[in-house]
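Before any comments, here is the structure.
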Amino acid sequence: LSNKELRAAYDRGPVDQFMGFGNSMGNAPQPGQTLVVRIKVSYNDICHGIKDKTIKYKRMVRCDVCHGEGGEGVETCSYCHGTGMITETKNIMGSIFHRQYTCPHCYGKGKHVSKTCSSCGGSGLKQVDTTYKLNLNTEYLVQNGVEIFVGYYGNESTDKNGRDGELIFKIIHDIPDNMEIVRTQN
C-alpha cells in the first residue's frame with residue numbers, strides 16, 4: 001500500500017474491516033428496536049377508511065434517571081476497548097483469518113456500570129404509554145396482514161445519538177367469519 005493514509009488505516013484495523021467485511025463501525029450508535037403494532041380493523045373501516053383514529057401503544061424510552069446508561073460508574077469495557085466487538089486473528093498455513101463477534105463481557109455495549117440503575121434495572125430503558133393519530137385510505141386496509149411503516153416512532157435507542165426504532169402498523173381484519181371482502185374493478 002503506497003498511499004500513506006490507506007497504509008495507516010490498514011495498520012490500525014484488521015484486514016477484514018479494511019476490506020469492508022465485518023463491523024468497522026464498532027462505536028456506531030445502535031438504533032432502537034422496531035415495534036410492530038397490530039391494528040384490528042372492522043368491515044366499516046375497510047369500506048370507509050380510518051380518519052383520525054388514535055392508536056395507543058407501549059414503547060421503550062431512555063430512563064430519565066440514568067439517561068440510558070443503565071447505572072452509575074460507566075466504564076469502557078477493557079476486553080473490547082469500547083467497541084462491543086472482539087476480533088480474533090489466526091495465521092493458518094500462511095493465510096490470515098479474522099473472526100469478529102460480540103464481546104461476551106459487555107454484551108456488545110462497549111461499557112460496564114459499577115452500580116445498576118434501580119429505576120430501569122440496568123436496561124437504560126423504561127416502558128411508557130404513547131399514542132399515534134392514524135389516517136388510512138381503504139387501499140391500505142383491504143389486504144389482511146399488510147404492514148405499514150409510519151416512521152421512526154418505535155423504541156428509543158439507549159444511545160442519545162442513536163436513531164429511534166421503526167413503528168410499523170400491521171392491519172388485522174376483524175370481520176365475521178361468514179363475511180367475505182371482494183375487491184371489484186369498475
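One-based numbering along the sequence shown. Excluded from the calculations below are hydrogen atoms, water molecules and symmetry mates; all remaining heavy atoms, backbone and side chain alike, are included. All values derive from a computational prediction rather than experimental measurement.
- In this structure the side chain of Glu156 reaches within 4.5 angstrom of the side chain of Arg59, judged on heavy atoms.
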Might you work through the side chain to side chain donor-acceptor pair (under 3.5 Å) test for Tyr101 and Glu88, ending with a clear yes or no? CA-CA 9 Å; Tyr101 56 93; Glu88 289 180 346; 3.2 Å; yes
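- Using modelled atom types and a 3.5 Å distance limit, the side chains of His98 and Thr89 yield a donor-acceptor pair.
- Hydrophobic clustering (side-chain heavy atoms under 4.5 Å, transitive across Ile, Leu, Val, Met, Phe, Trp, Tyr) groups Tyr43 together with Val146.
- Listed for the Asn144 side chain is a donor-acceptor partner under 3.5 Å among the backbone atoms of His173.
- Listed by first then second residue, pairs satisfying salt bridge (Lys or Arg N to Asp or Glu O under 4.0 Å) with a partner in residues 77-87 number zero, not counting sequence neighbours.
- Crowding of Arg163 atom CZ: a count of heavy atoms from other residues, nucleotides or ligands under 6.0 Å exceeding 12.
- Linking ILVMFWY residues whenever their side-chain heavy atoms come closer than 4.5 Å, directly or via other members, leaves Ile168 and Leu136 in distinct clusters.
- With sequence neighbours excluded, the residues forming a side-chain hydrogen bond (donor to acceptor under 3.5 Å, both in side chains) with Ser42 are Asp45, listed by chain and number.
- Within the 4.5 Å cutoff, the side chain of Phe169 has no heavy atoms near those of the Phe149 side chain.
- Under the rule for a salt bridge (Lys or Arg N to Asp or Glu O under 4.0 Å), Asp52 has no partner lying at least two apart in sequence or in another chain.
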Side chain to side chain contact (heavy atoms under 4.5 Å, CB included) between Lys53 and Ile55, worked out: CA-CA 6 Å; Lys53 183 174 184 173; Ile55 307 296; 4.0 Å; yes
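- When the shell of 6.0 Å around NZ of Lys115 is examined, it contains 12 or fewer heavy atoms from other residues, nucleotides or ligands.
- Few gaps surround CD on Glu166; more than 12 heavy atoms of other groups in view lie less than 6.0 Å from it.
- Annotation: side chain of Tyr57 is in contact with side chain of Thr130 (closest heavy-atom distance under 4.5 Å).
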Give the table of side-chain donor-acceptor pairs shorter than 3.5 Å for residues 61-75, with sequence neighbours excluded, one pair per line with atom names and distance.
unit_1: Arg62; atom_1: NH1; unit_2: Ser157; atom_2: O; d: 2.6
unit_1: Asp64; atom_1: OD1; unit_2: Lys126; atom_2: NZ; d: 3.2
unit_1: Glu69; atom_1: OE1; unit_2: Lys111; atom_2: NZ; d: 3.0

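- Here Tyr132 and Tyr153 bring their ring centres to under 6.0 angstrom of each other.
- Here CG of Leu134 is found 11.0 Å from OH of Tyr140. Values are rounded to the nearest 0.5 Å.
- Take Phe97 and apply the side chain to side chain contact (heavy atoms under 4.5 Å, CB included) test, not counting sequence neighbours, and it matches Ile92, Ser95.
- A pairwise comparison of heavy atoms in Lys58 and Leu35 identifies O-CD1, 3.5 Å as the closest pair.
- Put simply, the side chain of Ile50 does not reach to within 4.5 Å of the side chain of Asn135, judged on heavy atoms.
- Side chains of Leu167 and Tyr152 form no contact here, defined as non-hydrogen atoms less than 4.5 Å apart.
- For the atom pair CD1 of Ile175 and CD1 of Ile46, the computed distance is 5.0 Å after rounding to the nearest 0.5 Å.
- In this structure the side chain of His112 reaches within 4.5 angstrom of the side chain of Cys106, judged on heavy atoms.
- Between Asn137 and Lys51 there is a side-chain heavy-atom pair separated by less than 4.5 Å.
- Here Ile171 contributes atom CD1 and Ile39 contributes atom CD1; the two are 4.5 Å apart, rounded to the nearest 0.5 Å.
- When all heavy atoms are compared, the tightest approach of Asp164 to Gly154 is CB-O, 4.5 Å.
- When hydrophobic residues (I, L, V, M, F, W, Y) are linked wherever their side-chain heavy atoms come within less than 4.5 Å, the members clustered with Leu125 are Met60.
- Residue-environment remark: CD (Glu147) exceeds the threshold of 12 foreign heavy atoms within 6.0 Å.
- Considering all non-hydrogen atoms of both residues, His81 and Thr76 come closest at C-CG2, 3.6 Å.
- By the 4.5 Å heavy-atom criterion applied to side chains, Ile172 and Lys170 are counted as neighbours.
- Note that CD of Gln30 is 10.5 Å distant from CD of Gln33, once rounded to the nearest 0.5 Å.
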